[in-house]
Structure formats: C-alpha cells, structure tokens
Number of protein chains: 2
Amino acid sequence: MDKPEKILATALRLFVTYGFHGTPTSKIASEAGVSNGTLFHYFKTKDDLVVALYTSIRGELNQFLVRQINTASTSKEKFRRLFVGSVEWALHNGDAFYFIQQFRFSPHLNLVSEEESRRQSEVHMELLQEARNANWLKPLPVDLIATLTASQISGIHQYLVEKTVSPDEQRKLIDDVFELTWATVANPELP
Amino acid sequence: MDKPEKILATALRLFVTYGFHGTPTSKIASEAGVSNGTLFHYFKTKDDLVVALYTSIRGELNQFLVRQINTASTSKEKFRRLFVGSVEWALHNGDAFYFIQQFRFSPHLNLVSEEESRRQSEVHMELLQEARNANWLKPLPVDLIATLTASQISGIHQYLVEKTVSPDEQRKLIDDVFELTWATVANPELP
DNA sequence: TACATTGTGGAGCGATTAGTCAATCAGACC
DNA sequence: GGTCTGATTGACTAATCGCTCCACAATGTA
C-alpha cells in the first residue's frame with residue numbers, strides 16, 4: 001500500500017469518526033505513518049484530499065457494480081445485480097458508504113467537477129436508459145427512477161445496520177425490497 | 001424575533017453554506033447582530049448550539065406534520081398527508097431539510113439523547129403502528145416501512161430541487177410517487 | 001431608592017490548525 | 001563517483017477559533 005493510498009485510507013477512518021473539520025491533517029499524517037509535509041506533497045490542500053477520497057471511493061464502487069452487472073443478461077437481472085450489489089457493497093464498506101452520504105451533504109460537493117459527477121452516475125444511467133427505451137420501465141422520468149432507486153438502496157441499508165439481522169434474513173430482506181422496488185418502477189404491461 | 005431565535009436562524013443559514021466547523025461562532029454572532037458573549041450566554045458550547053438547532057427544526061417539522069395528519073380521517077389519507085406534507089415542507093424549508101440530512105451524517109448525531117430521538121419519530125411510528133395493527137400494511141417490519149418511506153420522501157424531494165419543475169407538475173409528481181409508495185407498503189388484500 | 005437577577009458587549013487568552021520551507025535522503029542515470 | 005530529481009521530514013508560523021471574563025446595562029422586586 002503506497003503512501004497516498006495509506007493517507008486516503010486513514011483519512012476515511014478519521015473522517016467518519018470525527019467529521020471533516022474535526023480531524024486535523026496532522027492526525028491523518030501521523031496515523032498514516034507519514035510526516036505532515038508528505039501529506040501536503042501528495043494533496044495540495046485539505047479540500048483536495050477530501051475530494052480525492054470521494055472520487056476514489058466512487059470509483060471503487062462503480063468498478064464493483066460494473067463487474068456485478070456484467071454477470072447478468074436480462075434487464076431485470078442487471079437491475080437486480082445493481083441493487084443487491086449496492087446494498088452488499090455498502091454493508092461491507094460501511095465507512096466508505098457513510099462517507100459518501102456525509103460528503104453529499106457538505107459544501108465539498110461543489111468542488112467535484114461536473115464531468116466527474118457525470119462519470120459517477122454513468123453506469124446507473126446507461127442501464128436505466130436502456131431499460132426505459134425497451135419499455136421495461138414505467139413512463140416516468142429516468143432521473144426520477146434513478147433517484148428513487150438510490151433512495152431505496154440507502155433506505156434498506158440504513159435499516160440493516162440499525163437493526164441486527166442474521167445474514168440469511170438480510171439476504172431475504174434485500175431481495176424483498178428489490179422486488180418491491182422493481183414493482184414500483186417496472187412497466188406492469190410487460191413481463 | 002428574540003436573540004436565541006435569531007442566533008439559531010443565522011446559524012442555520014451559515015451551516016448549510018459552510019458546514020458546522022466551517023462557520024465560526026464569531027461569524028454567527030456578528031451576522032445575527034449579537035456579540036460573541038451573548039451567543040455563549042444562551043448556548044453553553046458550539047455543539048450545544050448545533051444540537052439545539054437540530055431539535056428545534058425537528059420540532060417545527062413534527063408540529064407541522066401533526067397538523068397535516070389531523071385534517072385526515074382514514075389511514076391512507078393520513079399517510080398521504082404525512083408524505084405530501086413532508087415533501088412540501090422540505091421544499092419550503094430547503095435549508096432546514098438540508099441541515100437535517102447534514103446533521104444525521106455527522107458525529108453530532110450522537111449528542112442527541114435517546115429520549116429526544118424517540119420523540120422525534122413518534123408521529124410516524126404511531127401512525128404506522130396503527131395502520132399495521134389494522135392490517136392495512138404488508139407484513140413487513142414497521143421500522144423497515146418507516147425507513148423506506150422516509151427514503152422515498154427525500155428521494156422525490158431531491159429530484160424536485162435538482163430539476164426545475166413547474167408547481168403543477170410538482171404536485172402531480174409528488175402524488176404519483178406517493179401512490180407508488182403506498183402500493184409498495186400497503187396490503188393489497190384490503191382496500 | 002436599594003438591591004438582585006439577568007442580559008449584553010467585546011477584549012483577550014490559550015490552544016489548535018492548515019500550510020510552508022529549508023534541509024536531508026534515496027535512487028536513477030551517466 | 002557525481003549529479004539530478006522527486007520523496008520525505010518536522011520545526012515553524014500566521015491565522016483562527018472556541019470560549020472566558022468582567023464591566024456594565026436593563027429589568028424586575030421590595
């Protein structure tokens with residue numbers, strides 16, 4: 001694990017515990033095992049570090065989701081992999097998922113370029129656009145469907161971390177909520 | 001508007017713009033038209049101020065929702081008022097709603113007492129528990145239904161503030177999404 | 001009027017922070 | 001060996017921030 005990666009990993013852990021401004025760069029550096037100067041050698045400012053962490057995490061998530069989707073063929077199955085995959089990734093990467101939410105409701109969000117934002121939602125949007133064009137989805141704005149689906153994902157995830165649920169029960173609940181979500185957005189006219 | 005209120009209102013505006021730690025107490029005081037000392041006369045610490053702002057906002061929202069619910073009689077109608085009321089309140093109180101999300105994904109959440117948390121979700125939970133007991137809802141955990149509903153509310157709200165939608169279109173979309181949500185959580189066996 | 005309580009102001013203190021800088025160090029290439 | 005380049009260090013600083021303190025004003029109370 002090279003130093004920039006180590007810095008990012010340490011920053012993630014501290015940010016979710018103490019918040020952005022609650023964690024001094026000096027603490028990130030020392031806990032990452034590098035000096036103060038090294039941190040600023042790789043990240044010009046603290047804000048730079050925060051944004052870099054966000055795009056790095058989103059990149060990993062997207063990579064994971066693409067791999068999930070590619071194992072399916074039909075639209076519904078792809079959609080299921082996207083949904084279930086997201087929840088499971090969130091469960092296995094609690095800190096990272098929490099950080100994403102934290103970041104999205106912070107002023108730092110404005111520091112992400114339009115281009116980067118688009119790239120991050122590309123996977124979802126392409127899949128949905130495709131399904132919509134093939135008439136698999138209800139005649140609703142695709143953006144709305146995307147937002148509602150994302151909401152359901154963070155909803156079921158939030159429930160699963162608050163309650164303690166056995167792994168079997170977890171899988172079943174995730175699948176149930178997926179079917180509910182699918183029924184919500186899918187066109188009932190077609191199979 | 002007395003000074004504590006003025007301080008809270010100013011803090012809200014600054015917090016959503018610059019974040020918690022991004023806004024110094026001195027700036028809150030000066031923009032609220034009071035001195036630094038006065039701020040700390042009413043709020044023992046900055047954290048106190050943040051938490052007080054949160055509970056104050058949640059209190060206002062709950063008061064508003066109770067009024068909405070009381071104008072309806074049937075379970076579904078109450079549920080509709082709760083849903084639509086939440087979205088409309090969020091649209092009319094953008095800063096406050098944004099702050100709630102910001103707060104929920106911050107370390108400050110731990111500073112809210114268990115008792116206060118329960119009081120805040122009382123309205124929703126009572127309504128849902130009632131509907132669940134009367135068999136209006138699907139046989140899912142009530143907490144899950146509550147979380148999923150809340151997710152849909154913030155989902156449609158997010159969509160409406162990102163896109164610019166005419167008021168008429170807005171009302172229609174909110175109602176559409178409510179019906180979808182109702183279909184998701186309601187027991188299909190009963191009317 | 002005398003006294004007590006509470007509200008208000010603002011200078012200032014101690015601590016912390018993001019970011020700098022001059023100095024070393026490690027390796028690549030000649 | 002000599003030279004160059006980028007990595008690494010950690011002491012340092014200028015600025016900021018949360019919060020205290022104390023003087024005084026306002027208001028009530030007897």
Side-chain angles (χ1 to χ4, degrees), chain A residues 1-57 95 99 102-103 105-113, chain B residues 1-57 95 99 102-103 105-113:
Chain A
M1 206 177 197
D2 64 4
K3 305 211 167 175
E5 276 179 46
K6 186 87 179 117
I7 292 171
L8 286 176
T10 308
L12 171 60
R13 184 167 48 80
L14 295 175
F15 283 162
V16 301
T17 317
Y18 306 106
F20 300 131
H21 290 85
T23 58
T25 51
S26 55
K27 193 167 186 176
I28 300 173
S30 72
E31 296 216 9
V34 303
S35 75
N36 211 320
T38 303
L39 188 148
F40 283 97
H41 175 70
Y42 289 107
F43 305 95
K44 239 177 45 167
T45 66
K46 190 182 182 183
D47 282 351
D48 260 29
L49 170 61
V50 175
V51 174
L53 179 57
Y54 178 71
T55 56
S56 145
I57 288 175
D95 279 0
F99 176 80
Q102 201 178 31
F103 186 91
F105 293 105
S106 83
H108 291 91
L109 184 58
N110 298 317
L111 301 178
V112 180
S113 70
Chain B
M1 208 176 195
D2 64 4
K3 304 210 166 173
E5 276 179 48
K6 186 88 179 115
I7 292 170
L8 286 176
T10 307
L12 172 59
R13 184 167 48 81
L14 294 175
F15 283 161
V16 302
T17 317
Y18 306 106
F20 300 133
H21 290 84
T23 58
T25 52
S26 56
K27 192 167 186 179
I28 300 173
S30 71
E31 296 216 9
V34 303
S35 74
N36 212 321
T38 302
L39 187 149
F40 283 96
H41 176 71
Y42 289 106
F43 304 96
K44 239 176 44 166
T45 66
K46 190 184 183 182
D47 281 351
D48 260 30
L49 170 61
V50 175
V51 174
L53 179 57
Y54 178 72
T55 57
S56 145
I57 288 176
D95 280 0
F99 176 79
Q102 200 177 32
F103 185 92
F105 293 105
S106 84
H108 291 91
L109 183 59
N110 298 317
L111 302 178
V112 180
S113 70

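Nothing here was measured: the structure is a model prediction, and the numbers come from that model. Chain letters run A, B, ... following the sequence lines, proteins first, then strands; residues in each count from 1.
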_Below 30° counts as parallel, above 60° as perpendicular, anything between as tilted: where do the rings of A/Phe105 and B/Phe105 land?_
parallel
*asked:* Just the rounded figure in Å: distance from P of D/dC22 to CZ of B/Phe40.
replied: 17 Å
*Closest heavy-atom contact between A/Arg13 and A/Val16?*
O-CG2, 3.3 Å
*Grab the OH-C1' distance between B/Tyr42 and D/dC19 for me, whole Å please.*
18 Å
*When you list every nucleotide of DNA chain C with an atom under 4.0 Å from a heavy atom of chain B, which one comes first 5' to 3', and which comes last?*
C/dG7 to C/dG10
*Grab the two heavy atoms, one from B/Pro4 and one from B/Phe43, that are nearest each other, plus how far apart they are.*
O-CZ, 4.2 Å
Within the sub-3.5 Å range, which N or O atoms of nucleotides 23-28 of chain D have a protein N or O partner, and how far apart are they?
none

*Would you indicate, yes or no, if D/dT8 has its OP1 or OP2 atom less than 4.0 angstrom from a side-chain nitrogen or oxygen of A/His41?*
no
*For residues A/Phe15 and A/Ile28, determine if any side-chain heavy atom of one lies less than 4.5 Å from a side-chain heavy atom of the other.*
yes
_Counting the atoms with a prime plus P, OP1 and OP2 as sugar-phosphate, which does B/Lys3 contact under 4.0 Å by heavy atoms, base, sugar-phosphate, or nothing?_
sugar-phosphate
_As a test of reading the structure: which of D/dG10, D/dC19, D/dT9 is closest to the side chain of A/Asn36, going by heavy atoms?_
D/dG10
*For residues A/Leu39 and A/Ile7, report the shortest heavy-atom separation together with the two atoms involved.*
CA-CD1, 3.9 Å
*Hey, can you tell me if B/His21 and A/His21 have their rings parallel, tilted or perpendicular (30° and 60° cut-offs)?*
parallel
*For B/Pro107 and A/Gly19, which heavy atoms make the closest approach, and how far apart are they?*
CG-N, 3.7 Å
_Closest heavy-atom pair and its distance - A/Ala11, A/Leu49_ = CB-CD2, 4.3 Å
For nucleotides 15-17 of chain D, print each protein N/O atom paired with a nucleotide N/O atom at under 3.5 Å, atom names and distance only.
none

*Do B/Leu14 and B/Glu31 touch side chain to side chain, with heavy atoms closer than 4.5 Å?*
yes
*asked:* Looking only at the aromatic ring of each residue, does the gap between the centers of A/Tyr54 and A/His108 stay below 6.0 angstrom?
replied: no
*Give a yes/no on whether any side-chain N or O of A/Thr38 is located under 4.0 angstrom from OP1 or OP2 of D/dA7.*
no
_Within the 4.5 Å heavy-atom criterion, are A/Ile57 and A/Phe103 side-chain neighbours or not?_
no
